[in-house]
Amino acid sequence: MENQKMENMLNLALGASAEELERSESLAVGYNADEKTWEVIVKHSRPLEGLEELGIKQNQLLNQYSILTVPQSNLQTVANLPQVEYIEKPKRLYFAIDRAKAASCITYVQVSESSYAPYLTGRGCLVAVLDSGIDYFHEDFRNEDGSTRILELWDQTLGRIFTEEEINRALETGSRREARTIVPSVDSSGHGTAVAGIAAGNGRESQGQYRGVAFESQLLVVKLGVADPLGFPRTTELMTAIDYVARRAAELGRPVAMNISIGNTYGSHDGTSLLETYIDNVSNYGKNIIVIGSGNEGRSGGHTSGTLIPGQSVNVELSIAPYESGVTVQLWKSYVDNFDITLVTPSGSILGPLPSVIGPQTYDYEQTRILMYYGEPGPYSKAQEIYFDFIPLRRDYLQSGSWIFRLTPRKIVDGSYNFWLPSSAVLNSSTYFLRPTPDITLTVPSTSSMAITVGAYNSNYQAYADFSGRGFTRVTNQVKPDLVAPGVGITAPKNGGGYEARTGTSFAAPIVTGSGALLMQWGIVDRRDGFLYGEKLKAYLIRGARQLPGYDVWPNPQLGADVIIVSDFLQNSIK
């Protein structure tokens with residue numbers, strides 16, 4: 001089943017047994033065992049025709065990307081189509097104001113008596129939140145007359161788009177319980193509600209005390225779908241959400257600031273996956289900005305790296321905690337380098353050197369099965385991936401202990417290597433690399449070139465937040481994050497009413513999203529600069545950033561260009 005048009009993980013999944021798919025935490029994502037179909041992301045050069053005759057469902061996105069649902073028996077047929085360039089399987093994504101607004105000098109530009117009086121509120125702009133949904137009943141998402149500020153709410157799980165009129169009818173019932181009989185969309189985690197409130201809440205429930213950034217913007221909300229009610233959204237749901245927002249904003253002829261506060265650790269971290277290149281493509285559609293949090297993997301121990309020197313072996317130690325149901329490990333290297341990989345088990349047994357043979361390999365150690373895929377560079381990336389999936393055999397959990405990946409050089413030209421574990425959100429805290437590297441801990445898709453990538457800092461202490469995903473990107477060394485915003489103890493609307501403190505880059509990103517809406521109001525809506533979106537807006541935000549004390553080099557992997565300061569941009573721009 002191996003095909004170079006398919007990514008490594010998909011090739012490995014297609015060769016796995018039903019039991020291995022069931023036990024793996026990653027391989028089965030996108031697979032429907034009952035219908036024996038795969039959901040896949042396809043990049044193609046021309047329209048895909050005749051798919052219905054093969055039992056294939058197509059959701060065509062912008063710029064020659066599609067999401068297909070394909071019977072497994074027809075995946076090779078799709079891959080063999082000449083217009084198909086590359087195929088990837090979905091990956092799971094994980095969810096990573098008052099004081100924050102003041103720290104970013106946003107309050108200053110929202111005072112109508114200021115010396116240059118821009119009075120920026122996000123009026124005329126759209127703020128799009130692609131997340132876990134929204135508590136649309138919360139007062140912070142209503143106008144003064146009690147009507148909704150939400151233009152549309154697409155609940156992907158329910159498969160419905162709820163209009164402004166429908167939400168207003170739900171609000172008129174007077175209670176959350178009755179409202180849900182009309183608009184049954186619920187934000188079960190509260191994550192999306194907090195993100196939306198920071199970006200665009202109007203503080204109505206707090207009499208304005210906890211007002212968000214773009215508090216007069218209208219909202220487009222997408223509740224990302226999940227295949228499992230207890231699971232996480234996938235990259236395919238995110239791509240369809242981005243597509244919907246970009247198209248809808250263009251139809252309405254309005255600028256839109258999109259917020260993405262989710263991500264994962266799978267990928268080469270150089271911006272070359274289909275999700276990342278799709279985001280780059282959509283960034284040029286209409287007048288938009290796409291803001292993505294850099295993730296919370298900075299101190300998780302989920303990444304390690306180094307440089308091999310000829311004649312010197314390196315041991316990379318991985319601790320697997322008790323009660324771990326499965327672990328995947330990615331090793332990314334330069335294709336020109338050649339080195340042996342030997343696995344040393346917790347008991348000291350030696351597996352290997354493992355053959356450097358392109359394709360899948362399987363190894364068993366006591367109650368653990370290791371599925372390995374030795375990949376090749378793809379059409380969009382020069383990097384080589386070697387993928388390991390540790391799954392338990394005849395038991396629920398992996399055997400705990402310390403594993404060693406021993407790297408023994410043969411021919412070294414570049415020498416650099418990078419290991420990544422899955423997101424810390426799904427691992428026990430004692431599963432980590434014993435000598436971790438905090439750099440290149442950005443989550444995907446925050447490594448997208450055209451996105452505005454946002455890290456977090458603690459505005460109380462004017463210090464970098466050590467959990468915040470750090471840069472730069474792998475190999476390309478692109479400056480990421482682009483800048484940071486307050487992300488510790490941010491007061492945000494609470495699901496069900498009221499407010500609560502939130503911490504993470506998930507809640508730093510919407511400060512920049514709302515700020516982007518303010519600047520697009522100043523430039524596009526108020527007709528001062530009709531081109532203030534995309535890369536131009538990013539450049540202006542970076543130019544207006546201020547530097548935290550204690551750093552000698554700018555930009556740097558922790559902070560990018562540093563702290564967002566909206567008023568500095570405006571003061572430099574107004575003549």
Side-chain angles (χ1 to χ4, degrees), residues 5-7 9-10 29-30 38-48 57-70 78-79 83-93 128-131 154 156 220 222 224-225 233-250 256-295 378-381 383 442-453 473 476 478 480 509 513 533-535 538:
K5 283 189 180 180
M6 298 182 189
E7 67 165 344
M9 193 190 290
L10 179 55
V29 176
W38 283 92
E39 184 180 56
V40 293
I41 306 164
V42 177
K43 178 71 176 73
H44 46 97
S45 57
R46 304 191 308 276
L48 301 174
K57 298 177 182 177
Q58 179 181 11
N59 183 355
Q60 187 167 344
L61 309 181
L62 293 165
N63 298 334
Q64 307 289 22
Y65 289 77
S66 290
I67 308 295
L68 303 184
T69 303
V70 187
V78 172
Q83 64 267 48
V84 169
E85 297 177 357
Y86 202 59
I87 303 174
E88 293 181 356
K89 67 186 292 296
K91 317 298 186 303
R92 284 195 181 96
L93 295 164
V129 177
L130 290 56
D131 213 286
W154 178 20
Q156 292 183 334
L220 277 177
V222 181
L224 297 171
R234 301 176 297 198
T235 50
T236 44
E237 279 86 15
L238 178 59
M239 289 175 72
T240 55
I242 295 169
D243 185 82
Y244 156 75
V245 169
R247 290 179 189 268
R248 195 71 183 98
V256 60
M258 296 189 219
N259 189 93
I260 299 173
S261 287
I262 54 177
N264 64 39
T265 61
Y266 180 79
S268 59
H269 291 71
D270 57 7
T272 57
S273 74
L274 291 189
L275 170 60
E276 294 161 302
T277 58
Y278 180 70
I279 288 173
D280 291 344
N281 273 264
V282 174
S283 296
N284 294 318
Y285 187 86
K287 297 185 177 183
N288 71 61
I289 58 167
I290 301 177
V291 179
I292 307 177
S294 67
Y380 301 106
S381 174
L442 302 155
T443 51
V444 178
S446 73
T447 42
S448 301
S449 173
M450 303 286 282
I452 300 175
T453 303
T473 57
T476 58
Q478 183 177 353
K480 293 284 180 177
T513 302
Y533 58 91
E535 289 290 276
K538 182 200 294 187

With E276 via salt bridge (Lys or Arg N to Asp or Glu O under 4.0 Å) - residues at least two apart: none

Shortest non-hydrogen contact from A451 toward I292: CB-CD1, 3.6 Å

With sequence neighbours excluded, residues passing side-chain contact (heavy atoms from CB on, under 4.5 Å) with D243: L61, L62, R247, Y278

Residue pair E88 / S273, side-chain donor-acceptor N/O under 3.5 Å: no

Closest non-hydrogen atom pair, N264 against R92: ND2-O, 2.9 Å

Nearest-0.5 Å distance that lies between atom NE2 in H44 and atom CG in N63: 10.0 Å

Pair Y65-T277, side-chain donor/acceptor within less than 3.5 Å: yes

Polar side-chain atom of T473 near backbone of Q478 as donor-acceptor pair, under 3.5 Å: yes

For the student: nearest non-hydrogen atoms of D280 and S449, plus distance: OD1-N, 3.3 Å

Spacing of N59 atom CG and I41 atom CD1 [to the nearest 0.5 Å]: 11.5 Å

Side-chain heavy atoms of E39 within contact of I67, under 4.5 Å: yes

Closest approach of Y533 to K287 (non-hydrogen atoms, all atoms of both residues): CE2-CG, 3.5 Å

Gap separating the CG atom of L224 from the OG1 atom of T235, nearest 0.5 angstrom: 11.0 Å

All ring pair (Phe, Tyr, Trp, His ring centres under 6.0 Å) counterparts of Y244, not counting sequence neighbours: W154

Closest non-hydrogen atom pair, Y285 against A250: CE2-CB, 3.7 Å

Expected output: side-chain Q83 to main-chain R46 donor-acceptor under 3.5 Å: no

Pairwise distance NZ(K91) to OG1(T236) - rounded to 0.5 angstrom: 9.5 Å

Rounded distance (nearest 0.5 Å) linking atom CG of L238 with atom CG of L275: 5.5 Å

Working for side-chain contact (heavy atoms from CB on, under 4.5 Å), residues M450 and I279: CA-CA 7 Å; M450 303 286 282; I279 288 173; 5.7 Å; no

T447 backbone acceptor or donor facing H269 side chain under 3.5 Å: no

Side-chain donor/acceptor of S66 to backbone N/O of L68, under 3.5 Å: no

Closest approach of A128 to V245 (non-hydrogen atoms, all atoms of both residues): CB-CG1, 3.5 Å

T453 (side chain) donor-acceptor with S446 (main chain) under 3.5 angstrom: yes

Backbone N/O of S448 and side chain of K480: donor-acceptor pair under 3.5 Å: yes

K5 side chain vs V84 backbone, donor-acceptor pair below 3.5 Å: yes

Pairwise distance OG1(T69) to CD(Q58) - rounded to 0.5 angstrom: 10.5 Å

